[in-house]
S.K.: 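This structure is in structure tokens; I'll ask about it shortly.
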There are 2 protein chains.
Amino acid sequence: MKKTILVFGLLILALLLLFQFGKYTIISGDINIEIVISVIAVVFFFVGIYINKKSLNTQTSAAVDIDHNKIKDLEITSREYEVLKYISEGLSNKEIGERLFLSESTIKTHVSNLLLKLNAKRRTQAIQIAKNLNII
Amino acid sequence: MKKTILVFGLLILALLLLFQFGKYTIISGDINIEIVISVIAVVFFFVGIYINKKSLNTQTSAAVDIDHNKIKDLEITSREYEVLKYISEGLSNKEIGERLFLSESTIKTHVSNLLLKLNAKRRTQAIQIAKNLNII
DNA sequence: AAGGCTATGGTACTTTAGTATGACCCTCAA
DNA sequence: TTGAGGGTCATACTAAAGTACCATAGCCTT
């Protein structure tokens with residue numbers, strides 16, 4: 001945010017300088033008008049590119065955000081969702097249990113429920129389905 | 001491609017018109033120089049945004065393209081790669097075998113080799129690693 | 001307070017996945 | 001032609017994954 005304000009401040013400054021420079025050179029007749037206009041055009045062309053790139057970057061980085069409504073629709077509980085995340089990271093049931101301080105049995109129960117809710121036969125298929133639904 | 005040429009043609013035309021317009025108005029003294037410069041600045045600002053958006057769009061749509069060099073580096077063969085794709089779609093070894101008209105044993109061999117080459121312990125982990133490497 | 005839901009786990013079982021090893025065939029380059 | 005690499009397949013095994021069923025406990029809600 002602070003950066004944006006700084007950039008805009010500098011921009012306005014540059015614009016004012018250009019005005020003054022434009023007036024001066026034209027009145028004194030040192031440089032012809034085409035060059036001044038060209039410089040301004042090029043500068044603002046790149047300013048446009050820069051501004052646009054910044055706004056698009058922040059947009060694309062958070063582009064595929066999670067569809068929380070879909071998670072609720074599927075009646076996936078928070079515990080199950082945690083397990084789903086770990087599955088998509090390639091962990092085994094035992095490893096997930098260790099990370100959540102739960103027994104492997106409990107993870108198996110959660111996984112079984114997840115597969116039912118996601119209508120998947122295997123955990124690999126669950127990953128694929130979950131990604132298509134934008135819930136992971 | 002044709003569109004790009006058209007756009008650039010129109011741009012050059014617009015630029016020339018601006019030059020003429022700029023010279024005329026300044027000589028005749030109808031409009032002051034600030035307004036001319038402002039118009040040019042604004043126009044090229046938006047031209048910059050437009051051009052940038054176009055180039056970024058074509059880039060982001062094909063953004064995550066497959067890193068074929070990485071596949072070669074890892075010495076993943078074409079058959080193994082086919083299997084990898086099916087794994088990421090959530091198929092079982094038996095199902096992959098059916099799709100490729102191979103026995104389950106062969107798929108198991110390919111999967112084992114894949115896990116070694118991708119340095120994964122499980123097929124789910126292989127999916128995760130492969131996605132991070134941009135090879136699927 | 002009773003019933004429903006979630007979370008937790010255990011046992012017992014079946015099914016997949018994965019490893020190890022060996023074998024055969026084919027192709028292509030040295 | 002010989003050897004390396006890729007592809008195919010089998011057997012035998014261990015390890016995960018997944019299913020089914022049951023049980024307990026802690027919640028909210030009615």
Side-chain angles (χ1 to χ4, degrees), chain A residues 66-133 135-136, chain B residues 66-133 135-136:
Chain A
I66 288 158
D67 189 347
H68 295 284
N69 293 326
K70 198 78 200 172
I71 297 173
K72 281 179 195 164
D73 284 355
L74 293 170
E75 296 179 304
I76 291 172
T77 66
S78 58
R79 224 24 168 177
E80 284 161 3
Y81 186 67
E82 282 183 274
V83 172
L84 178 59
K85 294 273 278 187
Y86 281 123
I87 287 176
S88 75
E89 287 171 21
L91 300 188
S92 69
N93 291 335
K94 187 185 266 183
E95 287 169 338
I96 297 172
E98 283 164 4
R99 278 194 188 32
L100 295 176
F101 304 105
L102 297 176
S103 82
E104 197 187 336
S105 302
T106 309
I107 307 302
K108 281 190 177 186
T109 308
H110 288 319
V111 172
S112 255
N113 291 332
L114 263 174
L115 295 184
L116 276 175
K117 290 173 182 177
L118 286 173
N119 198 27
K121 288 179 196 158
R122 280 165 294 281
R123 49 170 58 211
T124 48
Q125 202 181 359
I127 295 173
Q128 169 75 356
I129 291 170
K131 284 199 172 149
N132 281 340
L133 295 175
I135 62 178
I136 53 171
Chain B
I66 288 159
D67 189 347
H68 296 283
N69 293 326
K70 198 78 199 172
I71 297 172
K72 280 179 194 162
D73 286 353
L74 292 170
E75 294 179 306
I76 291 172
T77 67
S78 58
R79 221 32 165 170
E80 284 161 2
Y81 186 68
E82 283 183 275
V83 172
L84 178 59
K85 294 272 278 187
Y86 282 122
I87 287 177
S88 76
E89 287 171 19
L91 299 189
S92 70
N93 291 336
K94 186 184 267 183
E95 285 169 339
I96 298 171
E98 283 164 5
R99 277 195 189 29
L100 295 176
F101 304 104
L102 297 175
S103 81
E104 196 188 337
S105 303
T106 308
I107 307 302
K108 281 189 178 187
T109 308
H110 288 320
V111 172
S112 255
N113 292 332
L114 263 173
L115 295 183
L116 276 175
K117 289 173 183 178
L118 286 173
N119 197 27
K121 288 180 198 159
R122 280 166 293 281
R123 49 170 59 211
T124 48
Q125 203 181 358
I127 295 173
Q128 168 75 355
I129 291 170
K131 284 202 170 145
N132 281 340
L133 295 174
I135 62 178
I136 53 171

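In what follows, chains are A, B, ... by sequence order, proteins preceding strands, each numbered from 1.
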S.K.: Distance under 4.0 Å to a non-hydrogen atom of chain A counts as contact; along DNA chain D, which nucleotides mark the start and end?
M.R.: dA17(D) to dT19(D)
S.K.: Over all heavy atoms of both residues, which pair between Lys117(A) and Glu80(A) is shortest? Give the atoms and the distance, please.
M.R.: NZ-OE1, 2.8 Å
S.K.: Report, as a single string ordered 5' to 3', how protein heavy atoms within less than 4.0 Å touch nucleotides 11-19 of chain C: B base, S sugar-phosphate only, - not at all.
M.R.: B-----BBB
S.K.: With a 4.5 Å cut-off on side-chain heavy atoms, are Arg79(A) and Leu100(A) touching?
M.R.: yes
S.K.: Starting at CG of Leu118(A), measure out to CD1 of Ile76(A) and round the result to the nearest 0.5 Å.
M.R.: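 Spacing of CG (Leu118(A)) from CD1 (Ile76(A)) equals 4.5 Å.
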S.K.: How is Ser103(A) classified with respect to the nucleic acid when contacts are heavy atoms under 4.0 Å: base, sugar-phosphate, or nothing?
M.R.: sugar-phosphate
S.K.: Report the end-to-end axis angle of the helix from dA1(C)-dT30(D) to dA30(C)-dT1(D); each axis comes from five terminal pairs, and the value is rounded to 10°.
M.R.: 40°
S.K.: dT8(C), OP1 or OP2 - any side-chain N/O from Thr106(A) closer than 4.0 Å?
M.R.: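 No, Thr106(A) has no side-chain N/O under 4.0 Å of OP1/OP2 on dT8(C).
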S.K.: Not counting sequence neighbours, which residues clear side-chain hydrogen bond (donor to acceptor under 3.5 Å, both in side chains) with Lys108(B)? List them please.
M.R.: none
S.K.: Please enumerate all residues that pass side-chain hydrogen bond (donor to acceptor under 3.5 Å, both in side chains) together with Gln125(B), with sequence neighbours excluded.
M.R.: none
S.K.: So, applying side chain to side chain contact (heavy atoms under 4.5 Å, CB included) with Leu114(A), which one of Leu74(A), Leu84(A), Thr77(A) is it?
M.R.: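 One option only clears the test, and that one is Leu84(A).
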S.K.: Tell me, do Lys85(B) and Glu82(B) make a side-chain contact under 4.5 Å, heavy atoms counted?
M.R.: no
S.K.: For DNA chain C, find the residues of residues 73-86 of chain B with a heavy-atom distance under 4.0 Å and give them by number; none if there aren't any.
M.R.: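 By residue number: none to list.
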